Novice: 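Next up is a structure, given as structure tokens.
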Amino acid sequence: MTFAVVADPMKVLVIEDDRTLRESLCEALQLEGFTVDGVENGEAGLRYLRNGQRPCVILLDLMMPIMDGWTFRRETLKDPALAAIPVVVMTAARPEREPIAPVKAILAKPLEMEVVVDELQKHCPYRPC
Amino acid sequence: MHPVSPPTPFLAPRSAPVDAASGLLELLIEQVVDYAIYVLDRTGHVASWNAGAQRIKGYTQAEIIGKPYAIFFSDEDRQHGRPDAILAAARTNGRYQEEGWRIRKDGSRFWASAVVTALRGEDGELRGFAKITRDLTERRQAEEEARRAAAERAAREQSDRDAAELRRSRDQLNLILRSINEGVTAQDTHGRLVFANDAAAQLCGLSSGQAMIEAEPQEIFAGFQVSREDGTPFDPEDLPGRKALRGNASSAIVRFRAKPAGEERWSFVSSAPVFDAKGNVDLAVTVFREFTERRRVETAWRFLAETSAVLGSSLDYASTLRQVASLAVPAIADWCTVEIVSAQGVLEQLAVAHPDPDKVALAKEWRRRWPPSREGTAYRVLREGEPILLPHVTDETVDAVASDPDHRRMAREFGLRSAMVVPLIVGQQPFGVVSFLTSESGRTYNGQDLILATEVARRASLAVENARAYTETKLAVQTRDNFLAIASHELRTPLSALTVLTTSLVRAAAQGRLMSLGADGLKDRMERAERQTRQLARLVDRLLDVSRLSSRDLRLDREEMNLGDVIRDVVSRYEDAAAEVGSHIKLTAVGDLTGYWDKARLDQVVTNLVGNAVKYGAGAPIEVIVGASRTGHVRLVIKDGGPGIAPEDQERIFDQYERASPSDNIPGMGLGLWIVRRLVAAHGGAVTLDSARGRGSVFTVILPSGRKTEDEAPNPLPAKDDPGSIRGV
């Protein structure tokens with residue numbers, strides 16, 4: 001598979017409707033050395049990606065208004081360029097509630113930062129000193 | 001006795017003077033009357049005679065002298081040559097002696113003892129025979145009579161002894177038969193009773209065995225309706241007694257009742273024939289053993305066992321109670337009804353059972369036309385919680401409860417004989433009654449039966465209580481599980497934010513990067529963490545509040561307050577949030593909005609409704625109108641222009657944890673409207689919804705003033721989540 005645009009080596013996209021959590025996550029990950037963008041729902045996330053952004057990993061909440069995580073994932077899978085971006089799901093929902101299209105990992109809320117950082121680092125290769 | 005002429009002097013070949021001795025001797029011979037003493041000559045002809053001979057043989061001297069010896073013998077003896085043989089024997093042996101029959105002059109026989117002695121002269125020449133005969137007939141007769149008399153006496157004594165023995169045996173038998181419980185009868189081949197003990201008589205309703213024997217058999221039989229065990233009529237010819245008269249022993253179970261309306265009884269009947277010496281049937285003996293009481297007890301136990309099985313089989317107590325009523329007939333009653341009290345305190349018939357479905361239909365119609373009166377037995381049992389036994393239902397009893405002539409007529413037609421009405425009680429509170437009634441069977445209830453009926457009611461009540469408790473528990477557990485699931489779900493996101501905030505600070509500190517945040521940056525993060533913990537605390541409070549609202553005792557903290565103030569407060573709180581979605585809230589308040597209410601709770605109500613309008617209003621304008629109605633209630637209306645709620649969802653959204661469309665994923669636990677309804681109902685008010693898809697929603701809250709002089713407004717929404725209700729469990 002070839003990409004039209006090269007992925008930004010440390011860019012993380014956080015899609016989470018809870019403002020406090022979203023902002024906290026963004027800051028925390030920035031402290032860890034990631035470049036972070038945050039949007040509040042799946043629709044905003046699609047817009048972000050179609051504008052040409054290519055994060056190295058997407059951190060995706062499932063229960064969101066307007067467009068939820070399941071729908072977002074289905075939509076990205078339709079576009080080969082977007083399909084390849086690794087997705088890590090974070091959710092308070094019970095995993096067996098509705099299976100999601102293939103993702104790299106499903107992290108349970110409340111989140112443990114170590115677990116989140118480890119997972120994200122698997123997909124974002126570089127880390128500045 | 002004829003005087004005899006002097007005899008021919010025959011003796012004394014030597015003439016000798018008649019001396020005194022021989023004169024006496026002649027007198028002896030002449031006059032002795034007990035012996036015939038005479039002589040025969042050598043040829044066997046009579047040569048002398050005496051008075052005894054005359055007396056014994058009947059001939060006078062003149063008639064007999066010269067006659068042959070054979071004249072004294074029967075023809076038969078003469079034919080056999082007995083006379084000559086006797087004389088020959090005397091000749092040979094000197095004398096001959098025998099006892100035998102001799103014939104008198106008149107031809108009659110007599111038993112004689114005869115001695116013949118041959119008389120010889122000095123020269124030894126036979127001169128003649130001396131005959132001495134004695135009539136033994138009298139003696140023999142006397143002996144015979146004595147013997148006979150003795151025999152008769154002996155026989156009479158024996159007969160007396162036998163009679164006494166017989167009497168004693170009979171008396172003993174009578175005593176035995178009188179004291180045994182079984183009825184015993186004996187019939188002759190004509191069907192007449194020759195014996196009946198008192199027990200048999202009592203079985204047939206007669207006073208004694210004697211009375212039974214004297215009565216007409218047909219009459220006795222006609223007074224009873226006799227059936228087989230299965231209820232089919234018993235052909236009289238097949239009864240064991242009749243069969244025994246035909247020579248066959250047999251036994252059978254017999255159901256019988258005195259006509260016209262006696263109680264049904266059960267008896268084991270066993271008959272056997274008694275044969276005479278020739279092998280013909282002489283008597284039929286029948287034994288009756290009544291087992292009515294035992295059968296009743298067995299039936300009662302079986303009914304109780306079946307009832308328990310049915311009651312334990314299902315939680316649907318309405319269905320099990322109906323089954324119990326069916327089981328009761330005809331086992332222990334002709335009719336069985338179950339009545340349960342409604343929420344309004346009115347008895348409603350849950351079940352009525354009778355073997356005949358037509359009668360059941362009739363009874364239902366009767367019940368519909370004439371529901372039980374409040375002063376009647378059923379309500380009395382319901383009020384007092386005590387069972388009532390009516391062993392004999394009389395016309396007076398019936399008339400007392402009948403309200404009009406038609407009712408009275410119907411009641412009498414049912415022909416009730418006996419009744420038991422027992423309460424169904426759960427936790428000290430009677431909630432229904434079960435009635436057992438008899439009619440056709442004629443059965444009369446007693447104290448034992450009441451014990452059984454009360455026990456059945458007790459078990460039924462227990463089953464109902466268990467069903468309710470089980471369902472309540474299940475509901476409670478389900479509610480709790482729902483709550484826990486959603487609560488934990490709702491807590492995770494805010495917790496995440498807090499965790500992320502604090503963990504990142506810790507990690508930064510650990511990696512020595514804390515200073516790079518700067519004092520302001522650090523302060524900002526700490527404040528955010530603090531806000532997050534407060535939000536979590538509020539969330540936890542809300543959860544605890546829900547738990548309190550779920551419980552039955554919700555205590556309101558009422559005070560005199562103005563609803564308008566509370567609404568203004570809430571509206572101003574939501575102004576920013578409304579503006580954020582492009583909406584605004586328009587408030588109109590009219591009239592006296594004061595009342596006696598719980599301020600904090602009403603704040604919750606208004607907050608939830610306004611909050612929902614903002615959340616679901618899709619940015620359209622929101623209207624809040626509150627006013628005092630003419631009748632002293634306060635009316636609050638909240639209108640939004642959102643997507644609206646479909647009619648089929650409208651009831652459901654007031655339930656716990658329900659949302660109009662679960663896939664909206666709008667945050668919140670789905671408790672808002674449930675809280676609103678609970679709190680409004682607690683104030684005696686009501687909340688209604690008018691909405692349709694695409695039309696927006698209008699929520700209306702009606703609130704009574706809460707002051708004591710006012711009546712409570714009726715709550716149009718049924719208390720579906722109220723576990724206190726027994727309906728629809």
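A note on names: the letters A, B, ... follow the listed sequences, proteins ahead of strands, and every chain is numbered from 1. The structure displayed is predicted, hence computed values, not measured ones.
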Novice: Could you walk me through whether B:R531 and A:T20 pass the side-chain contact (heavy atoms from CB on, under 4.5 Å) test, one step at a time?
Specialist: CA-CA 10 Å; B:R531 271 204 298 278; A:T20 315; over 6 Å; no
Novice: Is the number of heavy atoms from other residues, nucleotides or ligands within 6.0 Å of CG (A:N51) greater than 12?
Specialist: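 More than 12 heavy atoms, drawn from other residues, nucleotides or ligands, come within 6.0 Å of this atom.
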Novice: Measure across A:M113 and B:S504 and return the closest heavy-atom pair with its distance rounded to 0.1 Å.
Specialist: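 In terms of heavy atoms, the two residues are closest at CG-N, 4.5 Å.
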Novice: For atom CD of A:E112, decide whether the heavy atoms of other residues, nucleotides or ligands shown that lie under 6.0 angstrom number more than 12.
Specialist: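 Open: at most 12 neighbouring heavy atoms sit under 6.0 Å from CD of A:E112.
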Novice: What's the separation between atom CZ in B:R525 and atom CD in A:E27, rounded to the nearest 0.5 Å?
Specialist: 4.0 Å
Novice: Find the distance between CG (A:L21) and CG (B:L498) and round it off to the nearest 0.5 Å.
Specialist: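 The CG atom of B:L498 is 10.5 Å from CG of A:L21, to the nearest 0.5 Å.
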Novice: Within a 6.0 Å radius of atom CD on A:E114, are there more than 12 heavy atoms belonging to other residues, nucleotides or ligands?
Specialist: no
Novice: What part of A:E16 gets closer than 4.5 Å to chain B, counting heavy atoms only: side chain, backbone, both or neither?
Specialist: side chain
Novice: Could you tell me which of B:R492, B:Q535, B:R528, B:Q532 has the largest number of non-hydrogen atom pairs under 4.5 Å with chain A?
Specialist: B:R492
Novice: Verify the neighbour count for atom CZ of A:R19: are there more than 12 heavy atoms of other residues, nucleotides or ligands below 6.0 Å?
Specialist: no
Novice: What is the minimum heavy-atom distance between A:L111 and B:S496, and which atoms define it?
Specialist: N-OG, 3.1 Å
